[in-house]
Amino acid sequence: MTTQHTEFHFSPRPNRANEIAWREWSDDAFERARREDKPILLAISAVWCHWCHVMDETSYSQPSIIGLINERYVPVRVDNDRRPDVNARYNQGGWPTTAFLTPDGSLLAGATYLPPEQMQGALEQVADFYKNNRAEIEKRSVELTGRTRQYDVADPSALNKDMISRVMREIEDNYDAEYGGFGTAPKFPMVDVLELLLQEYRAAGEQRYYDMLAHTLFGMTDGGMYDHVEGGFFRYSTTRDWSVPHFEKMTEDHAGLLRVLAALTRTTRNDRFRGTLISALEYIRTVLRDPQTGLFAGSQDADEEYYALPLEERRARQAPYVDRTSYSNWTAAIAGAFMRSADALDDDRLGAEGEATLDTLHDRLRDADGLLFHFIEPGGSPQVRGLLTDQAAYLRALLDAHEFGGQPRFLTRARELAAAIERHFSAEDGGFYDHASLEQTLGNLTLRDRPLADNALLAESFLRLAVLELEPRYREVAQHALLLYAKTYEGAGMFAAPYARALRRYLTPAASVALVGSVAKTSSLREAAHNLPEAILCIGTIDPGDLRTLAKRGFDPALHSVAYFCREERCAAPALTAADLRGAYEALTA
């Protein structure tokens, strides 16, 4: 009799992959492998992954392969979106990942998609190798135990603008001047690169950065990368000219793209950017957002035939599967993007929806330590504690919410979250580990890692906190994280974009607007602050009853509904109107 494993997601098309005795990534699976002395077959997939579905329908549906796996292996199936920490340590270059492990989690061999004949051979060879080479395998496993990546931390004087220039040259070298985007094919949106181009255009005034950014976005939105019927971006293009997409739609990608489109809409007033922003938001709000909870689904499946149909014919068919699991990092990032979009479009509804999402994360997905769980299914309970990626995205979104709406609760939560991140993720020589080890660490999760992108994002947020809170210690935390990669960031190529973005903020004299007064009575001044032509600006709102903060900043406690433009520790005279604020900005900037 076949055992059904309903906790796993398989291809929506006919397949027999569920006849394999899959187990979740758990101590139970590793203990079984040790007890039965069998290697582990680790399959890393994703609900949106086309070739994962193909492997379910082919290799994992072959009776001989099903029997061989169930007889000679402990099969473990991991969803990439649910366990990015596992994926980070075992991915073999794409999805699906097919990894063969020892019972303690050391890697024996690995590949991506394996068609049936190759899969059959690999299963037999690895099982035989494991059986016949135990001494060699055990020696290698002992050598790997407890290994942690070492960093050569730089001196503070190493951080300079030339480092940003090196990343920008790498981006320019990979830029496709004919079609926009970077590289050839497949071609991905590269949202971190787009954000950096926008920041550097505004900070350095380089027109070519704007031209690269605009050409890339127009290439995507005018071609096949954008769904011109229902709205929203597809995951990537299989062709250099953006004409033939891979049809998944990812919440993760939309978060970054909305952020860039919102900034371009505000700064350029270009109707093409505005139209795409509105269309993409409508798709996200209609398909991916749960209006009851404010949480966002993770993705929508690819379906080439469906997306080729006009609107009326689509309505007659079942839409592609939507993974209603909400992932905290992506949901927080979308909430932050909603704040930016609300400001760009002057749409209070979007701002309220973004705030509601962050309130839901605060109320339903925090653990006892004040950290977010990683995901939650509809009607379920939060799962997977202590991943850095969730905290990094959430901290950024909380700061976005305070800057763009002025509500004090978001700054309070950001301050509390920053403290929790420092408690649970900090490394002694700077930066943050990707896993707080609040749950049992199995296999290569014992190897502690400090990912560049998440650490750069946190450095950026700690720099924002340093300005908003007038607290130099936050800047020191950011500096230590940046120094960790000062000697190695170039090896990441274009993927060092988040690092260069944080570095620009670190090297730029801090500019801020402090609004003193209620949220409602400072709204026009807040809008005026967002309109200042400053590339990197922090905007904070101080309750007039917060005498401690006013005293710390040297502000007159008798003055309410005013705005102070400050550069570093110098502040202009208090502004009562938008015109006053612009004048104060120009006077202090000059």
Side-chain angles (χ1 to χ4, degrees), residues 7-9 23-30 40 42-49 52 76-99 101-102 104-107 110 144-149 151 250-252 298-299 323 325-333 365-367 369 371-377 382-395 417 420-421 423-427 431-458 481 484 492 495 498:
E7 66 267 33
F8 301 108
H9 181 91
R23 292 178 174 271
E24 294 184 332
W25 179 272
S26 63
D27 183 58
D28 176 68
F30 280 78
I40 293 169
L42 174 63
I44 304 178
S45 61
V47 299
W48 42 262
C49 169
C52 302
V76 173
R77 192 171 175 110
V78 167
D79 183 291
N80 163 73
D81 297 342
R82 296 188 173 199
R83 294 306 303 255
D85 52 339
V86 176
N87 178 73
R89 287 160 174 78
Y90 288 105
N91 193 287
Q92 298 298 298
W95 299 277
T97 271
T98 309
L101 316 180
T102 65
D104 69 357
S106 298
L107 183 68
L144 290 174
T145 301
R147 186 184 64 183
T148 299
R149 181 181 173 187
Y151 293 83
M250 307 294 296
T251 299
E252 176 184 26
S299 61
D323 176 15
T325 306
S326 181
Y327 302 93
S328 295
N329 51 343
W330 300 351
T331 287
L365 277 102
R366 282 187 313 141
D367 66 11
D369 296 287
L371 302 171
L372 290 189
F373 284 88
H374 181 54
F375 71 87
I376 187 170
E377 293 182 281
Q383 302 292 320
V384 184
R385 295 178 69 205
L387 298 189
L388 185 67
T389 181
D390 301 310
Q391 323 316 321
Y394 185 39
L395 182 57
L417 177 62
I421 291 170
R423 281 197 305 274
H424 293 284
F425 295 93
S426 291
F432 303 95
Y433 294 116
D434 71 336
H435 206 296
S437 301
L438 296 176
E439 296 187 345
Q440 188 168 13
T441 52
L442 303 166
N444 283 355
L445 289 183
T446 59
L447 310 182
R448 308 200 75 181
D449 190 27
R450 285 172 272 184
L452 174 64
D454 288 336
N455 272 269
L457 187 59
L458 280 170
L484 195 66
F495 293 95

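- With salt bridges taken as basic N to acidic carboxylate O contacts below 4.0 Å, one links Arg23 and Asp28.
- Within the 3.5 Å criterion, the main-chain N or O of Thr97 finds no donor-acceptor partner in the side chain of Tyr90.
- Contact annotation: the side chain of Asp85 never approaches that of Glu439 to less than 4.5 Å [non-hydrogen atoms, C-beta and beyond].
- Considering all non-hydrogen atoms of both residues, Ile44 and Val86 come closest at CD1-O, 4.4 Å.
- Within the 3.5 Å criterion, the main-chain N or O of Gly431 finds no donor-acceptor partner in the side chain of Arg450.
- A heavy-atom distance below 4.5 Å is found between the side chains of Arg366 and Leu372.
- At a threshold of 4.5 Å between non-hydrogen side-chain atoms, the residues Asp390 and Val384 do not count as touching.
- For the residue pair Thr98 and Gln92, the shortest heavy atom distance occurs at O-CG, 4.3 Å.
- Heavy atoms only, all atoms of each residue included: Gln391 and Leu387 are closest at NE2-O, 3.0 Å.
- Under the 3.5 Å distance criterion, the side-chain polar atoms of His374 are matched with a main-chain donor or acceptor of Asp81.
- A pairwise comparison of heavy atoms in Ala46 and Cys52 identifies N-SG, 3.8 Å as the closest pair.
- Across every non-hydrogen atom of Ser326 and Thr331, the tightest pair is OG-OG1, 2.7 Å.
- The aromatic rings of Tyr327 and Phe375 lie tilted to each other, with the angle between the two planes from 30° to 60°.
- A donor-acceptor pair under 3.5 Å links the side-chain atoms of Thr251 to the main chain of Gly298, judged by distance alone.
- Between the side chain of Asp367 and the backbone N or O of Leu371, at least one donor-acceptor pair lies under 3.5 Å.
- Leu42 has its side chain within reach of Trp25: a pair of non-hydrogen atoms, C-beta onward, lies under 4.5 Å apart.
- For the atom pair Thr441 OG1 and Arg89 CZ, the distance stands at 9.0 Å (nearest 0.5 Å).
- Side-chain N or O atoms of Asn455 include one that pairs as donor or acceptor with a backbone N or O of Phe432 at under 3.5 Å.
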- So Glu377 and Arg82, salt bridge (charged side-chain N to carboxylate O under 4.0 Å, His left out) or not? Walk me through it. CA-CA 11 Å; Glu377 293 182 281; Arg82 296 188 173 199; 3.0 Å; yes

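- No donor-acceptor distance shorter than 3.5 angstrom exists from the side chain of Ser45 to the backbone of Pro96, with no hydrogens or angles considered.
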Would you please test Trp48 and Asp323 for side-chain contact (heavy atoms from CB on, under 4.5 Å) and show each step?
CA-CA 8 Å; Trp48 42 262; Asp323 176 15; over 6 Å; no

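- A 4.5 Å side-chain heavy-atom check between Asp434 and Pro451 finds at least one atom pair inside the cut-off.
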Discussion item. Could you walk me through whether Phe8 and Glu24 satisfy the side-chain contact (heavy atoms from CB on, under 4.5 Å) test, starting with their C-alpha distance in whole Å, then the side-chain angles of each, then the deciding distance to 0.1 Å, before giving a yes or no?
Written reply: CA-CA 9 Å; Phe8 301 108; Glu24 294 184 332; 3.8 Å; yes

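- A salt bridge links Asp369 to Arg385: at least one charged side-chain nitrogen sits closer than 4.0 Å to a carboxylate oxygen.
- Residues Phe30 and Val76 have side chains not in contact (no heavy-atom distance under 4.5 Å, counting atoms from C-beta outward).
- Of all the heavy atoms in Leu452 and Phe495, the pair that sits closest is CD2-O, 4.1 Å.
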**Asp27 and Leu442: CA distance, side-chain angles, deciding distance, side-chain contact (heavy atoms from CB on, under 4.5 Å) verdict** = CA-CA 7 Å; Asp27 183 58; Leu442 303 166; 4.0 Å; yes

